[in-house]
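Below is one structure, written out as structure tokens; comments come after it.
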Amino acid sequence: MGNPKGEVQRRVLLLCGDYMEDYEAMVPFQALQAFGVSVDAVSPVKKAGDICATAITIQVESTDQANTESRGHNFTLNATFDDIEFDKYDGLVIPGGRSPEHLAMKASVVELARKFSDSRKPIAAICHGLLVLAPAGAVKGRKCTAVSTMKPGLVAAGAHWVEPDTLSVCVADDNLITGVTYYGNPEFIRLFLKALGGNICSSERRVLIIIGDYAEDYEVTVPYQTLKVLGCHVDVVCPKKKAGDTCPTAIRDLEGSQTYSEIQGHNFVLTADFESIDASSYDALVLPGGKAPEFLALKEDVIVLVKQFMEARKPVASICHGLEILVAAGVLQGKKCTGYPGIKARVVSSGGTFVEADPIDRCVTDGNLVTAAAWHGQPELISQLMTLLDIRVSF
């Protein structure tokens, strides 16, 4: 995706398990793919196409206090653990959550981690993911960090502990990259990308993301953190709210019913005041889906902003139900786009050409407009947005 033709593609392994932390799995998974890295997500005793349940971990500000947890998305594996051929991989990513304590009990997993460590291939472990590395001897004599409750075990395993003062701290020690929580995903992924030999080629871009209450969880956070990996300045705003306010998000999954299931996700902390936004100071706009767009489409100040981006032919990226805002703005005339199938009629009646959302990870670019059928298509959507912004990742 983000990898120029003619270069050797990097391939990494994402070690998954039930109730791994939602963001610590999906953000690296989709971000690395957007940058042109092939990612195989595997879990012991499971096969490609099987599901791992994820957990939403609500971290408190202090790094040494207990957190709360709720059910997250279903994560679909795309490779089979028993088929792993170690020599084909350039790096390993281990999310946190509750899965690592069970993964660390499996000899096959510990041996895999040991192989990566002994070969000095890049390893990125975040939060409780380091539980897998300790029995493999991969932290001995190495500087590393994690949530503070991990300190006693890591010190006992011979690690040089780096005490985190925030939830976003990351540490790089040669081929080993460690992080405290998903708040540090942008730096965590950037350091891992560098360890893989990746180089981000761009000047800083400014991107605006407009959300509302119950925007789709992944469709807000994956673009936000992935664009920050690239060095972009990203502002996330909501009408009538200010920087520091929160928007609850919605987790939407396709689980075989006639429509998606929905439960509440993280609370997303806004980064800027909506009323102070000037479209001319941004290079691109992102419109996530979820429930929020049907209400945002009723707000004239949102419509004015969207029209300013489209009239200036600046890149605009819409995911799933984000098209509802574009329909209301009357900017789809003559445009090809895709989104959630249920809004096809509205797109067609507004003069747009709807490209069927089959497969569900479909992504369409028409001029300055990039659209994805659902969050499943975000790697390609971000890759195409990168192209419009002239941002490249080379190896």
Minimal non-hydrogen separation, V234 against T271, with atom names: O-OG1, 3.7 Å
Spacing of OG1 belonging to T226 relative to CG belonging to L32, to within rounding of 0.5 Å: 8.5 Å
Straight-line distance of D390 CG to R205 CZ, nearest 0.5 Å: 6.0 Å
Heavy-atom check, side chain of K151 versus side chain of E163, under 4.5 Å: yes
Y19: partners by ring pair (Phe, Tyr, Trp, His ring centres under 6.0 Å), with sequence neighbours left out: none
Residue list, ring pair (Phe, Tyr, Trp, His ring centres under 6.0 Å) with F192, at least two apart or on another chain: none
Between NE2 on residue H128 and CE on residue M20, distance to nearest 0.5 Å: 16.0 Å
Closest non-hydrogen atom pair, L388 against P315: CB-CG, 3.8 Å
Hydrophobic cluster identity match, I209 and F309, side-chain contacts under 4.5 Å: no
side-chain contact (heavy atoms from CB on, under 4.5 Å) assessment of I200 paired with K194: CA-CA 9 Å; I200 300 169; K194 181 179 179 181; over 6 Å; no
Test side-chain contact (heavy atoms from CB on, under 4.5 Å) applied to Q30 and I382, step by step: CA-CA 9 Å; Q30 292 200 322; I382 294 168; 5.9 Å; no
Donor-acceptor contact present, side-chain R346 to main-chain E324, <3.5 Å: no
Step-by-step side-chain contact (heavy atoms from CB on, under 4.5 Å) determination, T221 to T249: CA-CA 10 Å; T221 299; T249 66; 5.9 Å; no
D82 backbone acceptor or donor facing T80 side chain under 3.5 Å: no
F81 side chain reached by S108 side chain, heavy atoms, under 4.5 Å: yes
M386 and F35, any side-chain heavy atoms less than 4.5 Å apart: yes
Those residues that, when tested against D90, pass salt bridge (charged side-chain N to carboxylate O under 4.0 Å, His left out) (two or more places apart): none
Contacts of F29 that satisfy ring pair (Phe, Tyr, Trp, His ring centres under 6.0 Å) - sequence neighbours left out: F75
Shortest non-hydrogen contact between N368 and K335, atoms and distance: OD1-NZ, 3.3 Å
Donor-acceptor pair, side chain of Q33 and main chain of V39, under 3.5 angstrom: no
Atom pair NZ (K307) and CG (L305), whose distance is rounded to the nearest 0.5 Å: 12.0 Å
Side-chain donor-acceptor contacts of residues 279-290 below 3.5 Å, not counting sequence neighbours, with atom names and distances?
unit_1, atom_1, unit_2, atom_2, d
S280, OG, D278, OD1, 2.9
S280, OG, D278, OD2, 2.9
S281, OG, D278, O, 2.8
Y282, OH, D235, OD2, 2.5
D283, OD2, R206, N, 2.8

Contact check, side chains of W375 and V222, non-hydrogen atoms, under 4.5 Å: no
Minimum side-chain heavy-atom gap C144-D173 below 4.5 Å: no
Check ion pair E356-K344 (N to O, under 4.0 angstrom): yes
Can you list, pair by pair, the side-chain donor-acceptor contacts under 3.5 Å of residues 41-53, counting residues two or more places apart and other chains?
unit_1, atom_1, unit_2, atom_2, d
S43, OG, C16, O, 3.0
K46, NZ, D18, OD1, 2.9
K46, NZ, D18, OD2, 3.2
K46, NZ, I51, O, 2.7
D50, OD2, K47, N, 2.8

L389 with V393, same ILVMFWY side-chain cluster at under 4.5 Å: yes
Evaluation steps, side-chain contact (heavy atoms from CB on, under 4.5 Å), between V316 and V306: CA-CA 8 Å; V316 174; V306 171; 5.6 Å; no
Of all pairs that satisfy salt bridge (Lys or Arg N to Asp or Glu O under 4.0 Å), the ones with a partner from residues 29-45, not counting sequence neighbours: R11-D40
Residues in side-chain hydrogen bond (donor to acceptor under 3.5 Å, both in side chains) contact with D174, at least two apart in sequence or another chain: R120
ILVMFWY network linking I343 to I303, side-chain heavy atoms under 4.5 angstrom: yes
Min side-chain heavy-atom separation I319-Y218 under 4.5 Å: no
ILVMFWY cluster membership beyond F295 - transitive side-chain contacts under 4.5 angstrom: none
Partners passing ring pair (Phe, Tyr, Trp, His ring centres under 6.0 Å) against Y23 (at least two apart in sequence or in another chain): Y182, H266
4.5 Å side-chain heavy-atom contact, I277 and D301: no
Joint cluster assignment, I391 & V370, ILVMFWY side-chain distance < 4.5 Å: yes
pair L14-P95: side-chain heavy atoms closer than 4.5 Å: yes
Among V180, L176, T145, the one residue meeting side chain to side chain contact (heavy atoms under 4.5 Å, CB included) with V171: T145
Whether over 12 other heavy atoms sit under 6.0 Å from K241 NZ: yes
Verify same cluster id: I210, L381 (apolar side-chain graph, 4.5 Å): no
Spacing of I263 atom CD1 and I251 atom CD1 [to the nearest 0.5 Å]: 4.5 Å
Minimum heavy-atom distance S318-G322, with the two atoms named: OG-C, 3.2 Å
Over 12 foreign heavy atoms within 6.0 Å of NZ, K143: no
Side chains of H73 and E216, donor plus acceptor under 3.5 Å: yes
Backbone of A159 reached by a side-chain donor or acceptor of R142 within 3.5 Å: no
Minimum heavy-atom distance L154-A146, with the two atoms named: CD1-CB, 4.3 Å
Summary of ring pair (Phe, Tyr, Trp, His ring centres under 6.0 Å) pairs that have at least one residue in residues 85-112, sequence neighbours excluded: F86-F116
For V364, the rest of its hydrophobic cluster, which grows through side-chain links under 4.5 angstrom: V355
Distance, nearest 0.5 Å, that separates CG of N185 from CD1 of I126: 5.0 Å
Under 3.5 Å donor-acceptor, D217 side chain and G265 backbone: no
Closest non-hydrogen atom pair between I360 and A373, with its separation: O-CB, 3.4 Å
Donor-acceptor under 3.5 Å (K121 side chain, L92 main chain): no
